Amino acid sequence: MFGFLFIYWIWKAFSNLALEYAKNKWKYFFIGLGSYYGITFLSAIIYVLVIAIFNGFDALDDDSYYSSGIDFIFALAGGLGCYGVYKYLESKGQQERELAEKEGIESIGLVQEN
């Protein structure tokens, strides 16, 4: 159930960001969703590799390294990564908007030759 709420929150935040900066909202939604699940998966892979390196590959069969707290940490890492991607896209959109305004103001009154 919480997974559906995460997907809704990601969709809402990234689509509002896309509409604010006149971008494709579905593209931004898939960027947000991909960043959440990608970073969650990457953090799980890193955890498994660390367990395998320090305790050997035979330790991966042991269930004592798995708990619901670890799942929460992976989800938290995915959420923080998704927030980082959101802030990056927000600053990128703001810089593009400022650049477009600057170019628009400086070109007023200039004759364009073709």
Side-chain angles (χ1 to χ4, degrees):
M1 183 65 184
F2 290 115
F4 291 122
L5 288 175
F6 281 143
I7 291 172
Y8 173 74
W9 287 331
I10 290 170
W11 171 76
K12 190 68 174 163
F14 278 84
S15 64
N16 286 341
L17 182 67
L19 293 175
E20 182 179 346
Y21 294 110
K23 303 289 183 180
N24 185 351
K25 69 178 185 177
W26 289 106
K27 178 181 167 185
Y28 270 46
F29 165 65
F30 286 118
I31 289 172
L33 199 62
S35 68
Y36 173 73
Y37 284 113
I39 293 172
T40 302
F41 181 72
L42 184 65
S43 62
I45 293 296
I46 290 171
Y47 175 74
V48 167
L49 289 175
V50 166
I51 295 296
I53 289 170
F54 287 123
N55 298 329
F57 286 100
D58 294 336
L60 296 176
D61 291 335
D62 191 9
D63 289 336
S64 65
Y65 294 107
Y66 175 76
S67 69
S68 59
I70 296 296
D71 286 341
F72 179 74
I73 291 172
F74 296 154
L76 184 64
L80 289 174
C82 185
Y83 180 72
V85 169
Y86 177 86
K87 293 307 270 183
Y88 170 74
L89 290 175
E90 184 179 40
S91 68
K92 182 180 172 188
Q94 194 172 21
Q95 288 174 352
E96 288 176 358
R97 180 183 288 168
E98 289 172 0
L99 183 62
E101 289 174 358
K102 183 179 177 183
E103 288 177 355
I105 291 174
E106 289 179 354
S107 65
I108 293 176
L110 297 177
V111 178
Q112 295 181 350
E113 297 178 19
N114 291 332

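Note that this is a predicted model, so its numbers are computed, not measured.
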Would you mind reporting whether [Y] and [X] have side-chain heavy atoms less than 4.5 Å apart?
| X | Y | value |
| --- | --- | --- |
| Y28 | N24 | no |
| Y36 | V85 | no |
| F29 | I7 | yes |
| I39 | C82 | no |
| Y21 | K92 | no |
| E20 | Q94 | no |

Check the hydrophobic clustering (I, L, V, M, F, W, Y; side-chain heavy atoms under 4.5 Å; chains of links allowed) and say if [X] and [Y] are grouped together.
| X | Y | answer |
| --- | --- | --- |
| F30 | Y88 | yes |
| Y37 | L76 | no |
| I73 | Y83 | no |
| Y8 | L17 | yes |
| L49 | I70 | no |

task: Just say parallel, tilted or perpendicular for the rings of W11 and W26, cut-offs at 30° and 60°.
output: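 Ring orientation, 0 to 90° scale: tilted.
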- prompt: Hey, what's the ring geometry for F14 with Y86, parallel, tilted or perpendicular (30° and 60° as the breaks)?
  reply: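 F14 vs Y86 ring planes: perpendicular.
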Minimum heavy-atom separation for [X] to [Y], with atom names?
| X | Y | answer |
| --- | --- | --- |
| S43 | F74 | OG-CD2, 3.6 Å |
| I10 | L33 | CG2-N, 3.7 Å |
| K25 | A18 | CA-CB, 3.5 Å |

query: Under a 4.0 Å N-O cut-off, is there an ion pair linking K23 with E96?
result: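 Yes, this pair counts.
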message: Using a 6.0 Å cut-off, check whether atom OH of Y47 has over 12 heavy atoms from anything other than its own residue.
response: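 More than 12 within 6.0 Å, yes.
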